[in-house]
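Structure, as structure tokens:
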Amino acid sequence: MQFVDEASIIVEAGKGGNGCLSFRREKYVPKGGPDGGDGGHGGTVYLIGDDSLNTLIDFKYQRFYKAQNGQPGMGRQMSGRAGEDLHVKVPVGTTVIDEDTLEVIADVTEIGQVVLVAQSGRRGLGNIHFKSSTNRAPRRTTPGTEGERRNLRLEMKVMADVGLLGLPNAGKSTLIRSVSAAKPKVANYPFTTLVPNLGVVKLGQHEHFVMADVPGLIEGASDGAGLGLRFLKHLTRTRLLFHVVDVAPFDESDPVAAAEAIIHELGEFSPALSELPRWLVLNKLDLLPAEEREAVADQVVRRLGWQGPVFRISAISSDGTDALVQAAYRWLTEQRRLENEDEEAAERAREMRARMEDEAVARTEARLGRKRKRDDEDDDDFDDDDYDVEVEYAP
């Protein structure tokens, strides 16, 4: 299935039914008076989090969602039927943004979470409501109001325990293939990964965690270069980052400079994200002569001034990957235990996630704002006057 993590849709709530203009007409009952009923309320549009969905692909093919209109009122004081509400299922991890105002409406983070995105139109009143001592036969009704219509942008962030971070061709896809059943594309050129991939790393019957491989980043990713700005947001839903560094790049570039560029882009995108626990994973050591591997790895660690955990692996041959995932599972288990037992630790984790979400949303709003500005400037280039011509008719 194709992974789609961004989609634009239009939602429209149902129109309220009009009030009825009617008078009671029965045999032997002269001047029965007004009996027009009210219209029904229109249907409301809701989004609801669903764990059976893991992509926004369906919204690429169906972009318009409309709730039912309310029925008009009828005589004998009968109200019209209300329109049915529309519940649209979205994957858990979806951020809902109003494209016209750039307002973030909601973040769907829980299964069954319901978000109102388009308010229903109100019902109209029948003429029975306008009867008074001075107006015994009112011919006044009110129409139903239109339902709310909104242009929405859905942005999905993958839900994973561990996120892989690194330059293109660092070996992230090979690593996730090595430790899970995920089969992302692997090739000897940059940007083979174009969409995030999720893999479940199983260590035992009830021991597993989810790993996310996002497309490689490049310098300037936090400002929209390459695929970075679009996919950095996925890392905000993770607990732990593996910073994968190619210690033997085929272009003979400096691994330390590559690692520092990623660290810089991470901080530019979200300072809170740069504070997330991050482990250094030195990959492709098998491409170096055996006698040089330790020296090269130690030099990278020393030049980076790295103080956190360091793992030396070869993803393609699975050397060192077992120790890496075992350590990650122990760390994740301990973090969950701390958050369950220590309310202060749980609050710190919540605050960290909230900061990352806020900063990711701010980046998204800025990106959409820049896109709108470019679109407006493009429109300004085409003035109607540019196409004015004088027509001369031949006699």
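Just so it is clear, the model here is predicted, and its values are computed rather than measured.
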Determine, step by step, whether Ser314 and Asp286 satisfy the side chain to side chain donor-acceptor pair (under 3.5 Å) criterion, reporting the C-alpha distance in whole Å, the side-chain angles of both residues, the deciding distance to 0.1 Å, and the verdict.
-> CA-CA 6 Å; Ser314 173; Asp286 57 311; 2.7 Å; yes
Using the salt bridge (Lys or Arg N to Asp or Glu O under 4.0 Å) rule, take Glu334 and Arg330 through it: C-alpha gap first, then chi angles, then the decisive distance, then the call.
-> CA-CA 6 Å; Glu334 179 64 15; Arg330 289 193 298 270; over 6 Å; no
Step by step, work out the side-chain contact (heavy atoms from CB on, under 4.5 Å) result for Val90 and Asp50.
-> CA-CA 6 Å; Val90 298; Asp50 191 298; over 6 Å; no
How many angstroms lie between atom [atom1] of [X] and atom [atom2] of [Y], to the nearest 0.5 angstrom?
| X | Y | atom1 | atom2 | result |
| --- | --- | --- | --- | --- |
| Leu165 | Leu241 | CG | CG | 6.0 Å |
| His41 | Gln71 | NE2 | CD | 14.0 Å |
| Asn151 | Ile97 | CG | CD1 | 13.0 Å |
| Leu282 | His243 | CG | NE2 | 9.5 Å |
| Phe209 | Leu332 | CZ | CG | 6.5 Å |
| Arg81 | Asn69 | CZ | CG | 13.5 Å |

Might you point out which heavy atoms bring [X] and [Y] nearest each other, and give the distance in Å?
| X | Y | answer |
| --- | --- | --- |
| Val115 | Ala106 | CG1-CB, 3.5 Å |
| Leu276 | Met356 | CD1-CE, 3.9 Å |
| Ala315 | Gly171 | CB-O, 4.3 Å |
| Pro138 | Phe23 | O-CZ, 3.4 Å |
| Gly267 | Ser274 | CA-CB, 3.8 Å |
| Leu152 | Asp98 | CD2-CA, 4.3 Å |

With a 4.0 Å cut-off on N to O distance, would you call [X] and [Y] a salt bridge?
| X | Y | answer |
| --- | --- | --- |
| Arg355 | Glu275 | yes |
| Glu207 | Lys202 | no |
| Glu103 | Arg150 | yes |
| Arg336 | Asp161 | yes |
| Arg312 | Asp298 | yes |
| Glu146 | Arg122 | no |

More than 12 non-hydrogen atoms from neighbouring residues, nucleotides or ligands closer than 6.0 Å to [atom1] on [X], yes or no?
| X | atom1 | value |
| --- | --- | --- |
| Glu347 | CD | yes |
| Ile316 | CD1 | no |
| Arg139 | CZ | no |
| Glu344 | CD | no |
| His129 | NE2 | yes |
| Glu341 | CD | yes |

Examine [X] and [Y] and state if one hydrophobic cluster contains both, with Ile, Leu, Val, Met, Phe, Trp and Tyr joined whenever side-chain heavy atoms are less than 4.5 Å apart.
| X | Y | answer |
| --- | --- | --- |
| Leu116 | Val11 | no |
| Val281 | Val296 | no |
| Leu167 | Val301 | no |
| Leu203 | Phe311 | yes |
| Val300 | Val244 | no |

[X] vs [Y] side-chain heavy atoms within contact, under 4.5 Å:
| X | Y | result |
| --- | --- | --- |
| Val201 | His208 | no |
| Val247 | Arg293 | no |
| Gln326 | Asp322 | yes |
| Thr95 | Val104 | yes |
| Pro91 | Leu56 | yes |
| Leu324 | Phe242 | yes |
| Trp331 | Pro277 | yes |

Any donor-acceptor pair under 3.5 Å from [X] side chain to [Y] backbone:
| X | Y | result |
| --- | --- | --- |
| Ser180 | Arg177 | no |
| Glu148 | Gln119 | yes |
| Asp85 | Thr44 | yes |
| Ser120 | Gly147 | no |
| Arg63 | Phe59 | no |
| Ser178 | Thr174 | no |
| Ser132 | Asn135 | yes |

Would Thr145 and Lys15 satisfy side-chain contact (heavy atoms from CB on, under 4.5 Å), going step by step from the backbone distance to the final call?
-> CA-CA 6 Å; Thr145 62; Lys15 178 183 180 298; over 6 Å; no
Taking atom types as modelled and ignoring hydrogens, do the side chains of [X] and [Y] form a donor-acceptor contact shorter than 3.5 angstrom?
| X | Y | result |
| --- | --- | --- |
| Ser22 | Asp35 | yes |
| Asp246 | Asn283 | no |
| Glu99 | Ser8 | yes |
| Asp38 | Ser79 | no |
| Thr109 | Asp107 | no |

Just do the side-chain contact (heavy atoms from CB on, under 4.5 Å) check on Tyr46 and Leu86 with the steps written out, would you?
-> CA-CA 6 Å; Tyr46 298 93; Leu86 179 62; over 6 Å; no
Criterion salt bridge (charged side-chain N to carboxylate O under 4.0 Å, His left out) against Glu339, the qualifying member of Arg350, Arg348, Arg239 =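 Only one of Arg350, Arg348, Arg239 forms a salt bridge (charged side-chain N to carboxylate O under 4.0 Å, His left out) with Glu339, namely Arg239.
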Could you give me the CA-CA distance, side-chain angles and deciding distance for Arg303 and Glu260, then say whether salt bridge (Lys or Arg N to Asp or Glu O under 4.0 Å) is met?
-> CA-CA 10 Å; Arg303 290 178 57 195; Glu260 290 174 339; over 6 Å; no
Assess whether side-chain contact (heavy atoms from CB on, under 4.5 Å) is satisfied between Ile313 and Leu175, documenting all intermediate values.
-> CA-CA 9 Å; Ile313 71 167; Leu175 175 57; 3.9 Å; yes
